[in-house]
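Quick notes on the structure that follows.
Naming convention: chains lettered A, B, ... in sequence-line order (proteins, then strands); numbering from 1 in each chain.
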Amino acid sequence: MIVCVAVVGHQNNPLYIQSFTEADDALKLHHIVHCSLDVIDERVNNPSKTGTTLNEAFLGLLYPALNYKVYGYLTNTKVKFIMVTTDLDVRDTDVRSFFRKFHAAYVDAVSNPFHVPGKKITSRTFSESVTNIVRSYSFN
Amino acid sequence: MAPEGTQLLNQVLDNDPPTRGSKEYPEELRTPPVSLVALFGCSELHSSITTHLHSQQPPINALAFPDFSHLPLLLAPHQTSSFTDPLSDSSPTLPTSGILKRDWLLKHRTKVPALVAAFFPSTHIFGDPTQWLQVCSNLDTLKSVIRPKNIKLVVVVVQSSPHEVISEDRLLALRKRAELDSKYVLFLNDSELPPSLSRIASSFSELALAYYREEARRIKSRIDKRSSTSPDLIVRYCFKVAVYAEFRRDWGEALKFYEDAYHSLHEMIGTSTRLPAIQRLVEIKTIAEQLHFKISTLLLHGGKLTEAVIWFHQHKSSYEKVVESTEYIFLHWEWMSRQFLVFAELLETSSATVQSFSSLNQGTAETPLTEFEFYPAYYYQLAAHYLQNKKSSLELLLSMSVAAQKIDGSSDSITPSVYVGQFSELREKGEALTLHFITDEEYIRYAVSEAKRFQDSFEIVAWLKKSYESFTNLKSRRMAAFCAFEIAREYFGLSDPSNAKFFFDIAANLYRQEGWVSLLWEVLGYLRECSRNLGAFKDFVELSLEMVALPVTSCDDFGNLKNKTYGPGGPATVSRRESIHREVFALMCTETELTSSTGESGFKLAIDSPLHLEIDLVSPLRPVLLASAAFHEQMVKPRALCSITLSLLSHLPLPVDIDHLEVQFNQSTCNFVIRNSQSLLSTMQSGSQVENEPSLVLVPNNWLRLTYAIKPEQSGKLECLSILAKLGPCFTICSRAESPAAMEDSPVWKHENSVQSLPTKDPILAVFGQKATQVEEPEPQVDVTLGASGPALVGEDFTMPIVVTSKGHAVYSGELKINLVDVGGGGLFSPREAEPFSLESHHVEICGIDGAEGNDESESETGNIKKIQQSFGLVSVPDLKEGESWSCKLEIRWHRAKPVMLFVSLGYLPQGSEANAQKVHIHKSLQIEGKMPLLITNRFMLPYRRDHLLLNRIKPAPDSEDMSSLPLNEKSVLVVSAKNCTEIALKLMCMSIELDGEQGKTSCLIQQGGGETSGSANLAPGEEFKKVFTVIPTMRTPKLSLGSVHLKWRRQGANTEEACVSTTHKLPEVNVDASPLVMSLNCPPYAILGESFTYAITICNQTQLLQEAKFTLADAQSFVLSGSHSNTVLVLPKSEHVLSYKLVPLTCGQQQLPKITLTSVRYSAEFQPSTIASSVFVFPSAPQANSTAK
């Protein structure tokens, strides 16, 4: 189950963060998302060291945190998407397709002429479409 | 040796501070095993043998017994153990009561040798029969002890010298008695110890290897009978085989069998029924932990980092869900925490971590590994996390159950049993100590009492600190911040607010910077409590205000934080913000009497001490009070009113009433106060400007805009520094003023998607407004005039009168600055051209400033400053009263024709010598053209109708193209002309040619032609003056310097006393050459139409050689000619040849004579007379004038 998705801006500031859990751990998820930015930084700054290619937006598994797995995605405009899931056995292709849909929803949201780039995304439509995407994915 | 029972008791009673991590494991488990041998007899050799064996690679440990009487001690402790062990290795079929014996590994490392070496002196063997008998009996006893254990035997015969007699019979008997192969009967030579020692060591290690291999094989055969053996025993056997493999340094096999043991053990979960449920799992997990430790160590030491990490993950995931009892889950958390800790320590100490990750593949396809999983910090952090779980579950358990609370140190009699991972009760029955199985309740009681002994918090903090430092070194700031947050929370739990504050601050700084509001809110909530506990009132207010000003809008809008457990800050909601706001302002802004009852805030403070908060540009409190100031004009006049708009913005959730505002400028006279007219509190300082405003209320997220006029007194920069808001009797906030143009939102508000409003109504001011303005200087009432303008002439001292006239202002401490600036931009100084004339490095320079006329005496009084440099001058102006004037003359000299800009600026004080008076400045500038006064040219003329064959004119040298050539010793004419190229009439005083130096005087002779002695003439603009000189070169040289023309002149109409300006013009160099042939034309000055005349051409040979000359004469249309047209003549040395022609002119006017071309054969050079020289005027008849004269 996807428990949290986040959009993080250039200055590593949260633009959108939404958790999908009934449990009492939303703040913990915020911490996890925030910590995973370190991994993204490392991957992006030392691409040769970690063997990832920069041509690809999908960054793969960022790190396993307790009972969660954190995946990352970096758009061309250097906006980061982070997804936290509780499923331990996840196929990369599923995650990729999830991020692709998420990216499309993000593009729709920021293409709104009333959206100021770099500001938090408060669009209700975006929130709804993200919820739908998240609901449609359960990796097991 | 002490009985084992007491040893165990000592262990239990041992009250050393408990340690966690791999140090908890016994020494024998943590280090690789080393082969063990026992030595008997010849004790004097033991020490050297033991040291030698130790130094071997791999080393061998030795047990030394001085003589054979100590034989019973070998293997003794095992046999005399007071704990009855119903199971021995030899009875595999019986059910076991445990998996691994606690002391088995230690026993094999310290007590059971792989071989026994018996040392006998050679004299005992080859000498006295009684001694030989003794040897035999010793051997028999030894054999009887070691045979059942399959321990190897070596006999060493110690010789005192290499030449000792050896009886072959005895040796054979000895070998037979010992049942040994001949190679295990060794000879040790006392005198040649080192070679014998290495021989001994090699056979020892060989035999030890054989022993361990055989033992392993023996046990392996039991594993193969898997069906008939219980899983407990399989684990035990695999473990033993692995240990024996380790003895042999066969790491691969060791790893394989440890893994087998591990897997077999894992299968036992759920199948084993031997012990009560909890203890059963405790035992399995303890053994799994040890096996895992062994496997990880082997993998890491083998450099297989990735495999080790993957192995750890498997280990973690296979035991993650193996929980003994949900009620006592703290046991499981503690175990998990220890797994992470041990692995972190292993990773840290293992050298494999140093290797770079580039060589590592990132795990396998199904278990991808990430960077962080190779860092010990990651594991330390998780170890701490699990220990936190353990701590909280234990606390929960203790709070829930009364029984658990009562548990204290009463369960002393529970002790680890002989089996790893088992516990039993130690009961004393008279002298004997016996161990009894215990129930799960008893075990839990014991475990709880043990768990209580640990100070978990300190360990959590220690591990997190390690993790924090490590992440900081790795530049993983967010991970580090998270660790810092966890550390701080632990300290907070321990009621250590100062340490907690330190670490909370670290986390808060990062969250602030990156605008993670939800995380920041929580940290600030903790920090606020810390400051409350520390009694730091100012911090408390600051943190409260920061929290209140955070862009937390509502819980569902942003990240739907549905947390039911909050930090001490409470839920991040608008209502919570409002309540904190009220709390702080109630604390700060109420009357003195009321504040004493602030019991709930925990502050008992002397409220009469005022609280003052400073907010600068980087302060996190900026959103609380954002102050901007914008002047409406960029330049303002002094003492004139100028408008300034102050805008205040607050992100506080509730409106705030301001008592008064103080606006502070860098010119303190401009400071003013805005008073809320409703407020009664305000007490004003007298003297400053006071404005009244009907209400001063800061509405959340709305700019409060106030526009006022101020009157600046002083010129210069006027800047608004800060705005101080008084919110209560003792509460002031001072916010640094910002320019709207340079204003940025604070990091936490920057990304908020809220409606932007401008700080000023005027959008231009909002975008470009500045908090500073320039106040102009007062209008100067003094005039500076520059007297002259006209073009300056190069060479003369150009005089520029400067007049300072006071028109309303008196002048005090006046200073005149003069600057010359090149207009062309090329600079007054050009290094390339300056080289030959290094003296005049400036093309234009100030020569002097002539002090004020008639003010000479005052000049000395005022201590006149007078600094003059080539392009800069500084002159002090004497004090002038109103209406007075002062003048000086500036002399400027041009060396080159160049336009320059003259800047003159006067700075003065209009009112006496006041300390803070400001100088008034007047600037004047003038462009002055520098011009060349005279253009000097020169021309050479050769004698009329006399042509010299000058060879270098025909074949010019490459570098002398423009150079004129003169014949040697011939009189040539030099015409020098000077043209006035200015618009001013000049008077030329004299012109002369001066030869340079003695050499010039000897090489050439120059005379003034024409006989005019006075060269003086008036030159109107454009007029030209010519003077003729004769030049006779007397020396043959390719480069003759003719010196230079010296010209003295001055402006016409100027004072005659004034010195003339002298200008020099260098004459070009000439080439002087002797001419071998000279051709002179001879004809009458004029001809008459139809009358014949003689045209003679004389060819003069000036050389000592015979010259052959060809000549051709071209026909001319206007003449009839008699004589040869072309011929070759020979001219004798130093003689002349004359060609004579009769000509009859046919046409009137200036006519060209027939043109002769002479070719010298010797020099193969051709030359002609010039066209002007070879023409004649033809009259139609004899001139009348002439006839009348006749």
Side-chain angles (χ1 to χ4, degrees), chain A residues 4 6 8-43 45-46 48-52 60-67 69-70 88-92 114-116 118-123 127, chain B residues 313 317 320 356-358 360-363 365-366 368-373 378 381-382 385-386 471 474-483 485-486 510-511 513-519 521-522 551 553 555 557-567 572 747-748 750-754 756:
Chain A
C4 186
V8 178
H10 293 165
Q11 287 142 338
N12 289 320
N13 52 310
L15 295 179
Y16 177 83
I17 182 160
Q18 178 82 26
S19 40
F20 302 92
T21 165
E22 295 306 311
D24 196 10
D25 51 3
L27 203 60
K28 192 161 83 193
L29 290 170
H30 284 214
H31 276 295
I32 288 172
V33 169
H34 187 242
C35 286
S36 65
L37 294 175
D38 272 339
V39 191
I40 294 184
D41 272 3
E42 183 154 348
R43 291 233 176 127
N45 295 337
N46 309 314
S48 60
K49 202 170 163 184
T50 47
T52 44
L61 177 67
L62 297 181
Y63 80 122
L66 297 171
N67 308 319
K69 285 198 165 186
V70 190
L88 295 179
D89 197 18
V90 186
R91 277 182 304 161
D92 262 8
F114 296 103
H115 175 79
V116 183
K119 297 274 176 187
K120 280 176 182 162
I121 303 168
T122 47
S123 151
S127 184
Chain B
H313 278 281
S317 49
E320 208 166 24
S356 68
F357 299 129
S358 55
L360 299 168
N361 59 338
Q362 298 286 305
E366 62 268 21
L369 295 178
T370 57
E371 302 80 338
F372 279 39
E373 289 168 84
Y378 174 75
Q381 189 200 335
L382 286 174
H385 171 80
Y386 282 112
F471 277 129
L474 289 167
K475 298 204 167 51
S476 297
R477 296 189 303 147
R478 299 173 193 90
M479 288 282 193
F482 181 61
C483 290
F485 175 65
E486 293 284 321
L510 185 71
Y511 297 152
Q513 205 180 324
E514 299 194 334
W516 283 77
V517 175
S518 54
L519 304 180
W521 171 273
E522 200 193 12
T553 40
C555 61
D557 190 37
F558 184 72
N560 63 351
L561 286 172
K562 285 186 221 144
N563 264 13
K564 281 161 204 87
T565 54
Y566 311 107
V748 285
K750 193 159 55 181
H751 305 288
E752 281 310 302
N753 197 4
S754 52
Q756 292 281 311

dist B:M479:CE -> A:C35:SG (nearest 0.5 Å) comes out at 5.0 Å
Backbone N/O of B:E514 and side chain of A:N12: donor-acceptor pair under 3.5 Å:
no
Closest heavy-atom pair, A:N13 versus B:W516, reported as atoms and distance to 0.1 Å, is CA-NE1, 4.2 Å
Rounding to 0.5 Å, atoms CG (B:L519) and CD1 (A:I17) come to a distance of 7.5 Å
Closest non-hydrogen contact found for A:K120 with B:V517 is NZ-CG2, 4.2 Å
Heavy-atom closest pair (B:G515 atom, A:P14 atom, distance to 0.1 Å) is O-CD, 3.5 Å
Does the side chain of A:L27 come within less than 4.5 Å of B:W521's, by heavy atoms? no
When the 4.5 angstrom heavy-atom criterion is applied to A:L62 and chain B, the contacting part is backbone
Open item on the list: Less than 4.0 angstrom from a charged side-chain N to a carboxylate O is my criterion; do A:D41 and B:R477 meet it?
Closed with: no
- prompt: In terms of the angle between their ring planes, are A:H31 and B:F482 parallel, tilted or perpendicular, with boundaries placed at 30° and 60°?
  reply: tilted
Whatever's closer than 4.5 Å to a heavy atom in chain A on B:F485 counts as side chain
Looking only at A:K119, A:Q11, A:H34, the option with the highest number of non-hydrogen pairs under 4.5 Å against chain B is A:H34
